[in-house]
Peer 1: 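Structure in structure tokens, see below.
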Amino acid sequence: MNVREMIKIEKLHKSYGSLHVLKDINMSVYESEVVCLVGASGSGKSTLLRCLNFLEKRESGRISIRGEEISPETHDINNVRQTVGMVFQHFNLFPHKTVLENVIEAPTMVKKIPKDQVIAEAKELLQKVGLLDKANVYPSKLSGGQKQRVAIARSLAMKPDIMLFDEPTSALDPQLVGEVLLTMKALADEGMTMVVVTHEMGFAREVADWIVLMDDGRIIERNRPNEFFNHPKEQRTKEFLQTTL
Ligand code: ADP
Ligand code: MG
């Protein structure tokens, strides 16, 4: 079998001053896998995603993307960020641009792709996230769930190979969570490689190939959803499940 290793993290450490936040993280993500990263607040999940997208500088260790070790010294990190898209808890759409303008911004400005082509592709993406009819409205007219779906479309417009999601539904009213999770599930079904930080255990159980539990900067357990929820290996996983389920 020849399954591509999309992300490989080896012996990753990260500190903020004297606070050791990531402690010897080792993890691989293969093509089309969905990894759900779970764990208590402060356990280092966001920091790990931010290191993967090179928004944070690691202290030591290696990060390889599609088999190639990436470092800011040898690579243009902006190129890497095109390969690795990221969606945040807060959508950060440009308020003075329409939905369509938000989606075409990066491909036209960063990638310099002709505008006609970008617009056609953006419309397809908006269709995919169910918001083509909102193409010409401003973000202030959208619900939180719709804004997050636009943020997903905007990230996809750069044609990433990997998508990182950092609690994409945590800021949403409960009734808006489902539509965003459905959009993410559709993306997973299409074969996108995804790392998703989430507290939505139903989503994790249904969509994840692997669940990774972090605690105090370490990976405690990496397991298949069924095993993770029904027969966790680690005592700390059992404790985590008791606090969340
Ligand atoms: P999680 O996403 O799992 O809640 P984070 O990765 O955000 O955890 O944070 C891990 C630890 O690092 C926490 O103790 C947090 O307070 C600390 N931390 C996160 N970002 C910074 C920062 N920019 N400066 C200092 N400490 C930070
Ligand atoms: Mg976080």
Side-chain angles (χ1 to χ4, degrees), residues 1 3-16 19-53 56 58 61-64 84 86-89 162-172 174 177-178 180-189 191-245:
M1 244 198 352
V3 184
R4 278 209 293 175
E5 194 172 34
M6 301 296 278
I7 302 172
K8 183 173 195 176
I9 306 168
E10 296 166 283
K11 298 182 180 167
L12 179 68
H13 287 265
K14 167 78 188 172
S15 297
Y16 294 111
L19 187 66
H20 196 178
V21 177
L22 296 179
K23 302 167 182 167
D24 193 31
I25 299 289
N26 295 280
M27 180 170 109
S28 291
V29 182
Y30 292 87
E31 189 163 23
S32 295
E33 279 185 345
V34 177
V35 173
C36 281
L37 208 52
V38 303
S41 175
S43 56
K45 307 180 299 293
S46 293
T47 305
L48 179 56
L49 280 199
R50 292 169 63 83
C51 284
L52 276 180
N53 202 24
E56 292 287 354
R58 65 185 179 271
R62 291 145 58 102
I63 297 176
S64 306
V84 186
M86 186 145 169
V87 172
F88 301 89
Q89 184 172 346
I162 299 164
M163 285 284 285
L164 310 177
F165 293 86
D166 194 357
E167 300 198 29
T169 61
S170 292
L172 300 178
V177 167
V180 173
L181 294 180
L182 274 178
T183 301
M184 292 165 64
K185 183 173 186 311
L187 199 55
D189 289 344
M192 178 63 79
T193 305
M194 297 166 47
V195 181
V196 182
V197 174
T198 187
H199 295 291
E200 296 290 335
M201 292 302 140
F203 176 84
R205 192 189 276 266
E206 187 185 356
V207 180
D209 295 290
W210 296 101
I211 307 212
V212 171
L213 173 68
M214 286 187 69
D215 185 43
D216 191 26
R218 292 181 197 280
I219 291 180
I220 303 299
E221 177 162 351
R222 170 181 182 271
N223 213 335
R224 296 292 187 183
N226 197 27
E227 292 295 306
F228 184 88
F229 288 107
N230 299 323
H231 311 285
K233 284 185 286 202
E234 302 293 333
Q235 181 59 27
R236 262 182 286 179
T237 309
K238 291 175 193 163
E239 288 161 13
F240 169 76
L241 291 172
Q242 266 163 14
T243 64
T244 51
L245 296 180

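Nothing here was measured: the structure is a model prediction, and the numbers come from that model.
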Peer 1: How far apart are the closest heavy atoms of Tyr30 and Ser28, and which atoms are they?
Peer 2: CE1-CB, 3.8 Å
Peer 1: For the atom pair CE (Met214) and CG (Leu37), what is the distance rounded to the nearest 0.5 Å?
Peer 2: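 So the gap between those two atoms works out to 6.0 Å.
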Peer 1: Could you list the residues that satisfy side-chain contact (heavy atoms from CB on, under 4.5 Å) with Ala188, not counting sequence neighbours?
Peer 2: Val34, Met194, Val207
Peer 1: Output all residues satisfying salt bridge (Lys or Arg N to Asp or Glu O under 4.0 Å) with Glu56, sequence neighbours left out; order by chain, then residue number.
Peer 2: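 Applying salt bridge (Lys or Arg N to Asp or Glu O under 4.0 Å) to Glu56 gives Lys14, Arg50.
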Peer 1: Quick check: do Tyr16 and Thr47 have side-chain heavy atoms less than 4.5 Å from each other?
Peer 2: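 SC-SC contact between Tyr16 and Thr47 confirmed.
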Peer 1: What distance do Thr198 atom OG1 and Lys45 atom NZ have between them, rounded to the nearest 0.5 Å?
Peer 2: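 Reported value, rounded in 0.5 Å steps: 10.0 Å.
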Peer 1: How far apart are the closest heavy atoms of Ile211 and Phe229, and which atoms are they?
Peer 2: CD1-CE1, 3.4 Å
Peer 1: Within the 4.5 Å heavy-atom criterion, are Phe165 and Leu49 side-chain neighbours or not?
Peer 2: no
Peer 1: Excluding sequence neighbours, so at least two apart, what forms salt bridge (Lys or Arg N to Asp or Glu O under 4.0 Å) with Asp215?
Peer 2: Arg236
Peer 1: Ile219 pairs by side chain to side chain contact (heavy atoms under 4.5 Å, CB included) with which of Val212, Ile9, Leu213, Asn26?
Peer 2: Val212
Peer 1: Verify the neighbour count for atom NZ of Lys8: are there more than 12 heavy atoms of other residues, nucleotides or ligands below 6.0 Å?
Peer 2: no
Peer 1: Are Phe203 and Val196 packed together at the side-chain level, in the sense that at least one heavy-atom pair is separated by less than 4.5 angstrom?
Peer 2: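 They are in contact (side-chain heavy atoms under 4.5 Å apart), so the answer is yes.
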Peer 1: Hey, could you give me the CG/CD1 distance between Leu52 and Ile162, rounded to the nearest 0.5 Å?
Peer 2: 8.0 Å
Peer 1: Go through the structure and list residues passing side-chain contact (heavy atoms from CB on, under 4.5 Å) with Asn230, not counting sequence neighbours.
Peer 2: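 In terms of side-chain contact (heavy atoms from CB on, under 4.5 Å), with neighbours along the sequence ignored, Asn230 is linked to Arg205, Asn226.
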Peer 1: Please identify each residue that fulfils salt bridge (Lys or Arg N to Asp or Glu O under 4.0 Å) with Arg218, with sequence neighbours left out.
Peer 2: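 Arg218 satisfies salt bridge (Lys or Arg N to Asp or Glu O under 4.0 Å) with no residue once adjacent residues are dropped.
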Peer 1: Test of understanding: with salt bridge (Lys or Arg N to Asp or Glu O under 4.0 Å), list the residues that count as partners of Asp189, not counting sequence neighbours.
Peer 2: Lys185
Peer 1: List for me each residue that meets side-chain contact (heavy atoms from CB on, under 4.5 Å) alongside His13, sequence neighbours excluded, and say none if there are none.
Peer 2: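 Here the qualifying residues are His20, Asp24, Glu59, Ser60.
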Peer 1: Supply the atom-to-atom distance Leu187 CG to Thr193 OG1, rounded to the nearest 0.5 angstrom.
Peer 2: 9.5 Å
Peer 1: Between Val38 and Met201, is there a side-chain heavy-atom distance shorter than 4.5 Å?
Peer 2: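 Yes, side chains in contact.
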Peer 1: Gly39 and Ser43: which non-hydrogen atoms are nearest, and at how many Å?
Peer 2: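 Distance-wise, the nearest heavy atoms are C-OG, 3.8 Å.
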Peer 1: Mind checking side-chain contact (heavy atoms from CB on, under 4.5 Å) for Ser32 and listing every partner two or more places apart, or none if nothing turns up?
Peer 2: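 Listed in chain order: nothing, the list is empty.
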Peer 1: Using side-chain hydrogen bond (donor to acceptor under 3.5 Å, both in side chains) as the criterion, list what pairs up with Lys233, not counting sequence neighbours.
Peer 2: none
Peer 1: Using side-chain hydrogen bond (donor to acceptor under 3.5 Å, both in side chains) as the criterion, list what pairs up with Glu167, not counting sequence neighbours.
Peer 2: Ser170, His199
Peer 1: Which pair of heavy atoms, one from Pro168 and one from Val197, lies closest together, and at what distance?
Peer 2: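 Pro168 and Val197 have their closest heavy atoms at CD-O, 3.6 Å.
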Peer 1: Do Arg224 and Trp210 touch side chain to side chain, with heavy atoms closer than 4.5 Å?
Peer 2: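 SC-SC contact between Arg224 and Trp210 confirmed.
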Peer 1: Measure across Ile63 and Cys51 and return the closest heavy-atom pair with its distance rounded to 0.1 Å.
Peer 2: CD1-O, 3.6 Å
Peer 1: About how many Å separate CD of Gln89 and CG of Leu172, when rounded to the nearest 0.5 Å?
Peer 2: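 If I round to the nearest 0.5 Å, the distance is 8.5 Å.
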Peer 1: Distance from Glu206 atom CD to Leu181 atom CG, nearest 0.5 Å?
Peer 2: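 Separation between the atoms: 9.0 Å.
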Peer 1: Tell me, please, which residues at least two apart from Glu10 pass side-chain hydrogen bond (donor to acceptor under 3.5 Å, both in side chains).
Peer 2: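 Listed in chain order: Arg62.
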Peer 1: What residues form a side-chain hydrogen bond (donor to acceptor under 3.5 Å, both in side chains) with Asn223, not counting sequence neighbours?
Peer 2: Glu221
Peer 1: Can you give me the closest heavy-atom contact between Ala208 and Cys36, atom names plus distance?
Peer 2: CB-SG, 3.8 Å
